Protein chains: 2
Amino acid sequence: MPPPPWRRGTDKPVRQQLGVPAIVAAAMRIMDREGLDAVSMRRVAQELGTGAASLYQHVRNKRELHELILDEVFRDLDVPEPDPTRWQQQLKDLCLDLTRIMLAHPGAAKIGMETLIPTTPGVLVGMDAMMGYMRVGGVPDHLIAKACDPLALMGTAFAYEASLWTTSAAGRAEAHRRIDEIEAYLDSLPHEQLPHLTALRKQIRDEDDGWANFELGIDIFIAGLATYATR
Amino acid sequence: MPPPPWRRGTDKPVRQQLGVPAIVAAAMRIMDREGLDAVSMRRVAQELGTGAASLYQHVRNKRELHELILDEVFRDLDVPEPDPTRWQQQLKDLCLDLTRIMLAHPGAAKIGMETLIPTTPGVLVGMDAMMGYMRVGGVPDHLIAKACDPLALMGTAFAYEASLWTTSAAGRAEAHRRIDEIEAYLDSLPHEQLPHLTALRKQIRDEDDGWANFELGIDIFIAGLATYATR
DNA sequence: ACCTGAACACCGTTCAAGT
DNA sequence: ACCTGAACACCGTTCAAGT
């Protein structure tokens with residue numbers, strides 16, 4: 001039943017006030033439900049019951065909106081004080097934490113890769129802690145400045161790759177189909193031209209756990225870093 | 001002047017026959033000139049003087065077209081025989097080569113990141129060689145299977161990041177603007193809350209050479225790998 | 001068998017017009 | 001100051017119709 005005509009107050013659609021926080025919240029809702037590709041200006045506007053043009057009052061463009069999501073995702077990252085006796089473990093934990101956060105919001109990693117030098121408050125705190133761990137570990141300063149980049153990139157890139165197929169049921173099915181195709185393709189190739197790949201295939205197939213591979217990758221990197229440490 | 005009416009042969013527009021090779025060639029031309037974002041079905045079709053619908057006779061969808069580009073990019077990668085006395089150097093060279101190839105075709109790295117497990121002939125040869133180097137180096141087999149992933153990902157991710165801003169003059173300008181903004185932002189932050197970042201800032205600014213950072217990242221990773229080697 | 005135009009359901013962004 | 005509808009110039013993909 002429509003409201004009586006004298007209730008003029010409810011004529012206008014009830015809608016929460018537009019503004020950056022509301023926009024980012026809507027965008028994150030869409031991203032977590034439908035993936036980053038669904039986070040278009042039009043779709044976010046629709047979620048807020050308005051038109052795409054309205055968003056441009058609060059956000060410069062789509063890229064800026066995406067970066068605001070990244071801000072939100074990394075907001076709460078807690079970092080323990082550096083402890084010289086276990087700096088390697090602390091460094092590893094931080095890398096894994098950063099990656100876990102991105103995996104919890106599939107799409108965030110893609111924004112991280114697409115953003116030229118992400119510099120949200122949360123990321124800065126993480127970077128500072130990373131440097132702190134390396135310093136108390138005795139890694140020379142000139143190395144620290146260079147080693148942070150690759151280390152952060154490993155986490156982001158891994159989370160990106162993972163989010164390609166972990167997000168949706170369709171993605172998982174697609175991934176399985178793809179793996180089967182690759183298995184068949186490898187079977188069809190001349191084994192003598194790919195001797196090492198052939199020799200290691202069983203190993204690869206049996207132990208193909210993405211997260212374990214990533215964790216080992218971090219371990220290897222930190223072990224390498226330790227060989228440069230002076231303490 | 002139009003051709004005389006009896007020259008019926010030239011009435012139809014002269015156009016090279018459509019087909020996968022022509023399509024991929026056109027796509028690569030566009031990618032190298034205008035970046036991956038410009039490689040749309042419509043734009044590639046335009047380049048070939050036809051409509052987008054025609055491409056679907058030869059290519060399943062845009063993703064497949066992009067992967068065909070990756071095939072082409074990695075076609076010629078030459079890999080030296082493994083030499084036990086310098087496997088670490090060989091492994092490093094291979095990683096750098098793979099990355100250089102992607103940097104030579106900005107856009108290729110993005111396809112590599114977006115492709116679930118890229119498996120072109122060229123990539124397979126590269127992977128096999130990578131494993132070969134690790135094997136003659138005495139890295140245990142179960143480690144090799146896991147270490148290839150992160151190593152390849154480091155190169156792809158680095159090339160992707162680099163291609164974000166190295167491609168166009170506009171991109172480079174944008175990157176410079178961004179760096180200046182970040183510098184100003186860091187200045188404005190409470191230094192006591194980011195002590196390590198503050199202490200290392202001069203170092204970071206002075207030595208911020210992306211390629212050098214990447215090379216060092218690979219060095220560190222390989223040094224770490226060597227600590228696991230049994231030979 | 002191969003190609004095509006038109007259509008469908010989307011995009012990001014701008015801008016004049018409204019309140 | 002803030003919002004909006006309409007428009008512009010794009011997308012990927014499908015499909016009936018042509019040769």
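All figures in this text were calculated on a predicted structure; none of them were measured in a lab. We name chains A, B, ... by the order of the sequence lines, and we start the count at 1 in each one.
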- [ ] Taking the side chain as every heavy atom from C-beta outward, state whether A:L91 and A:L151 have any atom pair closer than 4.5 Å.
- [x]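 Yes; the side chains approach each other to less than 4.5 Å.
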Open item on the list: In the structure I gave you, are the side-chain heavy atoms of B:I220 and B:L216 within less than 4.5 Å of one another anywhere?
Closed with: yes
Per the salt bridge (charged side-chain N to carboxylate O under 4.0 Å, His left out) rule, what does the pair list look like for [range], sequence neighbours excluded?
range                       : result
residues 153-170 of chain A : none
residues 97-118 of chain A  : A:D37-A:K110, A:D97-A:R100
residues 45-54 of chain A   : A:R29-A:E47, A:R33-A:E47, A:R43-A:E47

TODO: Fill in the dot-bracket string of DNA chain D, one character per base: . for unpaired, | for a pair to another strand, ( ) or [ ] for pairs within the strand, taking Watson-Crick or G-U pairs under 3.5 Å.
DONE: ||.|||||...|||||.||
Tell me which nucleotide among [options] gets nearest to the side chain of [X].
X     : options                : answer
A:S40 : C:dC11, C:dA6, D:dT4   : C:dC11
B:S54 : D:dT13, C:dT13, C:dC3  : C:dC3
B:A53 : D:dC11, D:dT13, D:dT14 : D:dT14

Separation of atom [atom1] in [X] from atom [atom2] in [N], rounded to whole Å:
X      : N      : atom1 : atom2 : value
A:L55  : D:dG5  : CG    : P     : 13 Å
A:E114 : C:dG12 : CD    : P     : 13 Å
A:Q57  : C:dG12 : CD    : P     : 18 Å
B:D37  : C:dC11 : CG    : P     : 17 Å
B:Q46  : C:dG5  : CD    : C1'   : 16 Å
A:M41  : D:dC8  : CE    : P     : 21 Å
A:Y56  : D:dC8  : OH    : C1'   : 13 Å
B:L18  : C:dA1  : CG    : C1'   : 13 Å

Open item on the list: Going by salt bridge (charged side-chain N to carboxylate O under 4.0 Å, His left out), name the residues that satisfy it together with A:E67, two or more places apart in sequence or in a different chain.
Closed with: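 Here the qualifying residues are A:R63, B:R178.
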Got a sec, which residues hit side-chain hydrogen bond (donor to acceptor under 3.5 Å, both in side chains) with [X], two or more places apart in sequence or on another chain?
X      : value
B:K92  : B:E215, B:D219
A:D32  : A:H105
A:E183 : A:R201, A:R205
A:D93  : A:Q89

Open item on the list: With the threshold set at under 4.0 Å for non-hydrogen atoms, list the residues of residues 58-66 of chain B touching DNA chain C in residue-number order.
Closed with: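 Hits under 4.0 Å, by residue number: B:H58.
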Open item on the list: Just to verify, what does B:F214 make a ring-ring contact (aromatic ring centres under 6.0 Å, His included) with, not counting sequence neighbours?
Closed with: B:F158, B:W211
TODO: For A:R42 and for A:G51, locate the closest nucleotide of DNA chain D by heavy-atom distance; then report the residue assigned to the nucleotide nearer the 5' terminus.
DONE: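 So the residue in question is A:G51.
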- [ ] Mind listing the closest non-hydrogen atom pair of A:T167 and A:P106 along with its distance?
- [x] OG1-CB, 3.6 Å
- [ ] Could you give the distance separating D:dA7 and C:dC11 at their C1' atoms, to the nearest angstrom?
- [x]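 To the nearest whole Å, 14 Å.
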List, with names and distances, any nitrogen or oxygen atoms from the protein found under 3.5 Å away from nitrogen or oxygen atoms belonging to nucleotides 17-19 of chain C.
none

